[in-house]
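Heads up, the thing below is written out as structure tokens.
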There are 2 protein chains.
Amino acid sequence: MIEIDDPTAEAGLAATVKASKAPAISRAAAILRLLGKRGTPLGVQTIARELGLVPSTCLYVLRALVEEELVAFDADTKRYSLDAGVLTLARAWLRRDQFHDLAQPVLDRLSQEFGLTTLGVQLYGLDHIIVTAMSQSSQNFQLSTQVGSRFPALVSATGRCIAAFGEWPEAQLRPRFDKLRWEDAPSWEEWRAQVAEARATGVAVDRGHYISGVTVVAAPVWKAPGRPSHALVAIGIGSAVRGEGLPRLKEALLAAARSLSEQLSG
Amino acid sequence: MIEIDDPTAEAGLAATVKASKAPAISRAAAILRLLGKRGTPLGVQTIARELGLVPSTCLYVLRALVEEELVAFDADTKRYSLDAGVLTLARAWLRRDQFHDLAQPVLDRLSQEFGLTTLGVQLYGLDHIIVTAMSQSSQNFQLSTQVGSRFPALVSATGRCIAAFGEWPEAQLRPRFDKLRWEDAPSWEEWRAQVAEARATGVAVDRGHYISGVTVVAAPVWKAPGRPSHALVAIGIGSAVRGEGLPRLKEALLAAARSLSEQLSG
DNA sequence: GAATGATATTCAATATATCGAATGATAGAG
DNA sequence: CTCTATCATTCGATATATTGAATATCATTC
């Protein structure tokens, strides 16, 4: 799957910093994300330029992050990179997230039964989604993502899911839809029709639009009434999603999502 | 394995905040760690009390963290907990950490061959270590930790490793040694002797001191000359580490650690 | 080897994040 | 239902984090 740029990194930072009562934290988060995205160690100046920060401020923030072991500092090269402290936080999150725990066995079963890759994702409004659980079947060729990956909200089957059950005004959907990148982008009308179908059936499908040859199915999960908080996703290639397979998969995904919703709200 | 409390959480926070030029970040990190440790969602007041923060400041920090999706806010209960944003950072870290990538296949091979659990850990001076890679054999009963776990630096075999190759003054070692919790704590003299042996052989061993019945072996890994930066650890129970097994394991671990050191420094 | 351009870092002025008291909001007891 | 206790939240005064210029350090070019 294709990764996306983080919109908050460059453009929105100035605004976020201004509005906040703790701007150092926005800056720190932006730095962490930048270091994560780049992967290679960066110097103070580079980071500051990239994020539009004052170098001295950037230095102080980095030093604080180093102190907290969220950022590693190489004294020889004077370069900064992510440190293992972020792992400790992630482990704590994984251990306690209800959806993750409940979804994992369900995903394992589904990916086994249908021979495809399944994901549990958390929805963040119209901005993006984050993969929080994953399971792969033992088949040879598999599409793969990792827990922690971010994708734009409205793309693929999950996007139709969000549009179908989020009750968002069209004025908010359209501009975001126009910015998406698909391998074979649907027209706005085509997409609207598919969203309507998702609303009717309870499951959204993307047939080769996001990635050609790949069928993605998504079903919404609710933690509370209102907008769905999570979704179950199945990603299939080849025979797994052809012919009789697809309706059965949709059925199974829908049932699993309903069951999860009940468990989460109870 | 037994988890440890984070020393920076309560006691050291005030000092760290005072010294820093970006105190909001220390507070933010402390909040993240607290939320991670507790697992259950917490209110502003509770967090502030626990960490010795002013409630209003605590609120501002929390809001900034929510904005960055590092903390989730339940508007109904007004409780805060870790959010999935920390996952994204962790994934980025895992993807780019050289030691993690190089160590994983080595650990897989070792755990398979000897039928035990192996870890790759990153060393943080005399403070603590963080597990950054793990592999388990397919045997039924296995000791288990997770990537991201933290342990005190000087405990078990890794501790002897750090003491043996870190060239720390005794005055710094002793007070930390005295604070450790073992199931069957060795005396200071006993421990010193084992550290000396580790220095001589290149591998450290803990025979049931940290956890009774469990043998832990650790070998240091260097990214650069000076103090070791990482270590390879093998954790065995029963026959895997009895008789002829142990010397063979020590040999294999040492060889693997040497090879890794070379790859990392090159 | 001097000069150049880039970097990281320090420092004092000032915009502002932080504090503590005051205000709302909420839940539980009587 | 009222009272009380505890919580989250707002707000103005002030200690201080942030800034931008100045300095120090480093690598590279002529």
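Naming convention: chains lettered A, B, ... in sequence-line order (proteins, then strands); numbering from 1 in each chain. Note that the coordinates shown come from a computational prediction; the quantities given were computed from them, not determined experimentally. Scope of the values below: all heavy atoms of this structure, side chains included, with no hydrogens, waters or symmetry mates.
Contact annotation: Arg27(A) reaches the phosphate of dT18(D) (side-chain N/O to OP1 or OP2, under 4.0 Å).
Shown here for Leu123(A) and Pro228(A), the closest heavy-atom pair between the two residues is CD1-O, 3.6 Å.
Remark: Arg176(A) fails to qualify as a cation-pi partner of Trp168(A) under the 6.0 Å distance and 45° angle criteria applied to the six-membered ring.
Atom pair Leu53(B):CG and dA8(D):P shows a separation of 13 Å (rounding to whole Å applied). Here the C1' atom of nucleotide dA17(D) and the CD atom of Glu67(A) are 17 Å apart, to the nearest Å. Here the P atom of nucleotide dT18(D) and the CD1 atom of Ile31(A) are 11 Å apart, to the nearest Å.
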Query raised in the report: Can you list the steps and then say if Gln98(A) with His230(A) is a side-chain hydrogen bond (donor to acceptor under 3.5 Å, both in side chains)?
Result: CA-CA 11 Å; Gln98(A) 238 197 328; His230(A) 299 81; over 6 Å; no
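Between the side chain of Ser156(B) and the backbone N or O of Thr158(B), no donor-acceptor pair lies under 3.5 Å. Proximity of a side-chain donor or acceptor of Trp222(A) to a complementary backbone N or O of Gly226(A) within less than 3.5 Å is detected.
Stem regions annotated for DNA chain D: C:1-30 with D:1-30, counting only runs of 3 or more consecutive pairs of Watson-Crick or G-U type with both contacts under 3.5 Å.
Between Arg27(A) atom CZ and Tyr60(A) atom OH the span is 12.5 Å, to the nearest 0.5 Å.
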Filtered N/O pairs between nucleotides 3-12 of chain C and protein, under 3.5 Å:
residue : atom : partner  : partner atom : Å
dT7(C)  : OP1  : Arg49(A) : NH2          : 2.8
dA8(C)  : OP1  : Val44(A) : N            : 2.9
dA8(C)  : OP2  : Gln45(A) : N            : 2.6
dA8(C)  : OP2  : Gln45(A) : NE2          : 3.2
dT9(C)  : OP1  : Lys78(A) : NZ           : 3.2
dT10(C) : OP2  : Arg63(A) : NH2          : 2.7
dC11(C) : N4   : Tyr60(A) : OH           : 3.0

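Note on Lys78(B) versus Asp74(B): no salt bridge recorded, every NZ/NE/NH1/NH2 to OD/OE distance being 4.0 Å or above.
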